[in-house]
Every structure is written in structure tokens, then in C-alpha cells.
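When a ligand or atom number is given, it counts from 1 through the structure's own listing order. Scope of the values below: all heavy atoms of this structure, side chains included, with no hydrogens, waters or symmetry mates.
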Amino acid sequence: MQNSPLSKIILEEREFFVKRDDLIDPCLAGNKYRKLYTLLNTPNNTYNTLISYGGTQSNAMLAIAAMCQKKKWQFIYYTKKLSATQKNECEGNYAHALALGMEHREIENDYYKEYIASLRLNLDEKTLLVDQGGALEAAKKGLEVLAQEIRKQNTTLHVKALATPSGTGTTALFLALALPEYKVYTTPCIGDSAYLKEQMNALAKIPSNLIILEPKKKYHFAKPYPEFYEIYQSLHVKGIEFDLLYAPAMWQALLEQTNEKVMYIHSGGVSGNKSMLARYKKKGLI
Ligand SMILES: *Cc1c(COP(=O)(O)O)cnc(C)c1O
């Protein structure tokens, strides 16, 4: 793969650069591509099966499905019980992942936690378990590759701050560790800052150049908010589509709480927008 390009946009009279990791691949893009980088470069015969679990709207699920198809690995994905509407959805990440060959298994809600915990006890050497959201130690290498691209592309721009939104915090943490000479801004999109720090600390010690911006208001993950749609829309008219779950909170925090020149690392996830936009419509927010 060639380096993903940079775009420049002006938002609220501020200049931003955007690292276009969304353009890497239709299904396997953004930070999921970076996090799966090591696995993508693993010889096909290292594994024959990959197991993961989580939500059915997950961008990580779709990215893993696309990777497993490329690698000819069987992909088994565990979730809690789905509603009939969820099952019958014909677009969105879930339908897309099934079309890529994902084998979906539902677990009764009551047993879900225990069942997921038992998965790692029953692995053979050809089976790999990837934790929810792709929070794997191996993500480090892929983010070091991203770091090298940023250093190279920034030699004439002199940007000193980067930004990327957090779920598990894997991306922001490894990016900050790989680029100690930059400030790396992030914001928690799932839970609050304390929860995010806890998640990050489980992976590595949080470096001082990683700055967690606390949202001014409490947001629930994957819920439609008019102000999120507004930010999404104002970025879309400038020519770049961002996801509706993570990006709006990051942009909002950047606009409210920072004032320097920032390079935003596009984390992908645009494939989930269709179903999310449908929910905005249904709620009368569009
Ligand atoms: C998965 C995802 C994130 C969160 O990445 P983490 O490494 O878990 O923090 C952010 N943005 C988008 C679009 C994602 O799909």
C-alpha cells in the first residue's frame, strides 16, 4: 500500500490537515487497517481460524471479515442475541460482513460474558482470538508504520499536534508512543476519561504527550445527537465524510478546547454511516 494522502480543510476559520486513512480500502480502512497491519502481513498458513466478538455494527468486525476473506481464514464472530430487525438488515456492517464470509454465532445474553471468557481457554495453535474492537498488542507495529508516514509527510507542514478519537484507546495510545515529539489529542467516545485511561493502562503506560480531552457533555455511544450530525454535515460539505460514532465528538473537542494547527487522523468507519443516517432520519433529526 502507498502512503495514504493528506487533505487540507478550513473549519471555523481554522486550518486542519486530514490524514486520509479512510481511503485505504472500502472495508479494511482507517485505524482498523492500522491495527490489523501485522496480521495482514502474517503468512496465510499461520492461522486457519480467527475468532472475535462484540456488536454487530462494529467497524472492527467488518475490517476483520474483509481481512479473513483476503487471508482465506474462517472468521467466527460471537454476539449477544440479535433482534429480528437487526438480522434482516440488508445493508450496514453486519450484512456486509456476512457477505464477506463471516460466520455469526449468537450467545444467550445470560451466558454471554462467561462464554466469551471461555473462548480463550479453548484455542488451538491455528486459531487466533482478537478481542473486541481489535484491541491487540500487535496493533503497535501498524501504528508505527502510520507514525513513519506522518513524519515523512509533515516535514514541510510543521504540524505539532495530531488528533484521533478513542474507543478502546489502542490507536491513540500507540500513536502517541510512536510519536513522542507530537502532541496527540484524543477524546473518549465510549465511557468517560477515567474508563479510557483504565483501558489504555492495560496496554501500556500512558505517555505525557497523549492528551485526553473530556467532552463538555455526557454522550452515549452510538446515540444520534443533533450537534453530531451538524459537525458531520459541516465536514461533509468540505469534501470529507467522517463516521458518525467517533469523529463528531473528536472534532467538537478540537474546536472547543484547542487552537493550534492539528492533523486529524481519519479513523475510517464511514461504511457504518448508512444505517446510522437512517436512525437520524427515523428520529426526525435530519
Ligand atoms: C474503532 C474505531 C475507533 C476507536 O479506535 P480505538 O483504537 O478502539 O480507540 C475510532 N474511530 C473509528 C471510526 C473506529 O471505527
Colleague: With side chain to side chain contact (heavy atoms under 4.5 Å, CB included) as the test, would you mind laying out the steps for K19 and L6 before giving the verdict?
Modeller: CA-CA 5 Å; K19 175 79 170 144; L6 286 183; 3.9 Å; yes
Colleague: Distance from W73 atom CH2 to T127 atom OG1, nearest 0.5 Å?
Modeller: 11.5 Å
Colleague: With H104, which of Y53, Y78, Y94 fulfils ring pair (Phe, Tyr, Trp, His ring centres under 6.0 Å)?
Modeller: Y94
Colleague: May I ask you to list the residues sharing a hydrophobic cluster with L121, side-chain cutoff 4.5 Å, ordered by chain and number?
Modeller: none
Colleague: Salt bridge (charged side-chain N to carboxylate O under 4.0 Å, His left out) for R34 and E149? Distances and angles first, verdict last.
Modeller: CA-CA 12 Å; R34 302 293 182 182; E149 284 183 31; 3.2 Å; yes
Colleague: Begin from the C-alpha positions of Y219 and F228 and carry the test ring pair (Phe, Tyr, Trp, His ring centres under 6.0 Å) through to its verdict.
Modeller: CA-CA 10 Å; Y219 290 105; F228 279 10; 4.5 Å; yes
Colleague: Show me the short polar-atom pairs for ligand 1: any N or O of it lying under 3.5 Å from a protein N or O, with distances only.
Modeller:
unit_1, atom_1, unit_2, atom_2, d
ligand 1, 5 (O), N31, ND2, 2.9
ligand 1, 7 (O), K35, NZ, 2.8
ligand 1, 7 (O), T171, N, 3.0
ligand 1, 7 (O), T171, OG1, 2.6
ligand 1, 8 (O), K35, NZ, 3.2
ligand 1, 8 (O), T168, N, 2.8
ligand 1, 8 (O), T168, OG1, 2.6
ligand 1, 9 (O), G167, N, 2.8
ligand 1, 9 (O), T168, N, 3.3
ligand 1, 9 (O), G169, N, 2.8
ligand 1, 11 (N), S267, OG, 2.8
ligand 1, 15 (O), K32, NZ, 2.8
ligand 1, 15 (O), N59, ND2, 2.7

